[in-house]
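To keep things clear, I will list the structure first and then write my remarks on it.
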Amino acid sequence: MIIATYNVNGVNGRLPVLLRWLQEKQPDVVCLQELKAPQEKFPEKEINDAGYHAIWHGQKSWNGVAILSRGAEPQEVRRGLPGNDEDDQSRYMEAIVNGILIGCLYLPNGNPSPGPKFDYKLRWFDRLHAHADYLLKENVPVVLAGDYNVIPTGLDAYKPERWVEDALFRPETRAAYKSLVDQGWIDALRHLYPDEVIYTFWDYFRKAYDRNAGLRIDHFLLSPQILDRLVTAGVDKDVRGWEKTSDHAPVWIELR
DNA sequence: ATGCCCTACTTGGTAGGA
């Protein structure tokens, strides 16, 4: 069983790339981020025709998350991260697929930092901590997948010294990610490949992909109840080289 | 230090991304 996460950077603008990748990869479950489409503009028919059920939480222009699955229909558990009723940004949804609780998240970028956007990122992180702790205490198989907008360590950036003042790599951000993982989660790709240079994002600027000037910011956190099913994981890096592609590549895990 | 590119949208210049 393959579960993937993919920040598409506009689900409609990216539709040919997304459909081609779905056809070639045949993932079982996909978490999408940055739909950049209102609820009624999600390409449901095209996704269905590709063989996938979909649930999604859209928003005009920005953000937006979706969970796709083939076979079993995703059973939606929640949309929106608990803890702030006034937060109307579409950044989190959760569903059960094949007995696994899947959380699909798009954590705020937080730049420029410091400032109100960075404060929002850290407050969002606080709410994620609380909810993730609740999920761990359920003692069920959980996969939290998405664009965390966090460079966890210096190994995860092409030139980490360039990122120390950036919201993706500031000490507060790294500390927040570490304290989340330290609740008892397993960073799946880092667990499998502790020393490998792995990137999931390459800037559109400066020929970053050609230079492999990337970042690892899309992550899978696994609850202990599912770790023994983890077989392998990877990044479909070649997709980042396709025409009209996202600045992120799809990332996936394989479970037995 | 800035722009470099790409997205959506009040479709022509902005805002946001990372």
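Here the structure is a predicted model, which is why all the values come from computation and not from measurement.
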Determine the interatomic distance between C1' on dA15(B) and the same-named atom on dT10(B); round to the nearest Å. 13 Å

With a 6.0 Å cut-off on ring centres, are Y6(A) and W21(A) close enough? yes

Would you please name every residue forming a side chain to side chain donor-acceptor pair (under 3.5 Å) with T153(A), sequence neighbours left out? D156(A)

Write down the distance between CD (E40(A)) and C1' (dA8(B)), rounded to a whole number of angstrom. 14 Å

Give the rounded distance in Å between these two atoms: CD of Q59(A) and C1' of dT7(B). 14 Å

Among residues at least two apart in sequence or on other chains, which ones pass salt bridge (charged side-chain N to carboxylate O under 4.0 Å, His left out) with K137(A)? D133(A)

Tell me the ring pair (Phe, Tyr, Trp, His ring centres under 6.0 Å) pairs involving residues 65-85 of chain A, sequence neighbours left out? none

Expressed in whole Å, how much space separates the P atoms belonging to dG13(B) and dA18(B)? 26 Å

For nucleotides 10-18 of chain B, read 5' to 3', which letter fits each nucleotide if B means a protein heavy atom sits under 4.0 Å from the base, S means only the sugar-phosphate is that close, and - means neither? S----BBBB

Value in whole Å for how far the P atom of dC6(B) lies from CZ of R206(A): 13 Å

Residue set satisfying side chain to side chain donor-acceptor pair (under 3.5 Å) with K178(A), at least two apart, ordered chain then number -> D182(A)

Interatomic distance, E243(A) CD vs dT7(B) P [rounded to whole Å]: 11 Å

C1' atom, dC9(B) versus dA1(B): distance in rounded Å? 30 Å

In whole Å, measure the gap between the P atoms of dT14(B) and dC4(B) for me. 14 Å

Any residue meeting salt bridge (charged side-chain N to carboxylate O under 4.0 Å, His left out) with R162(A), in chain and number order, not counting sequence neighbours: none

When the P atoms of dG3(B) and dA8(B) are considered, how many whole Å apart are they? 23 Å

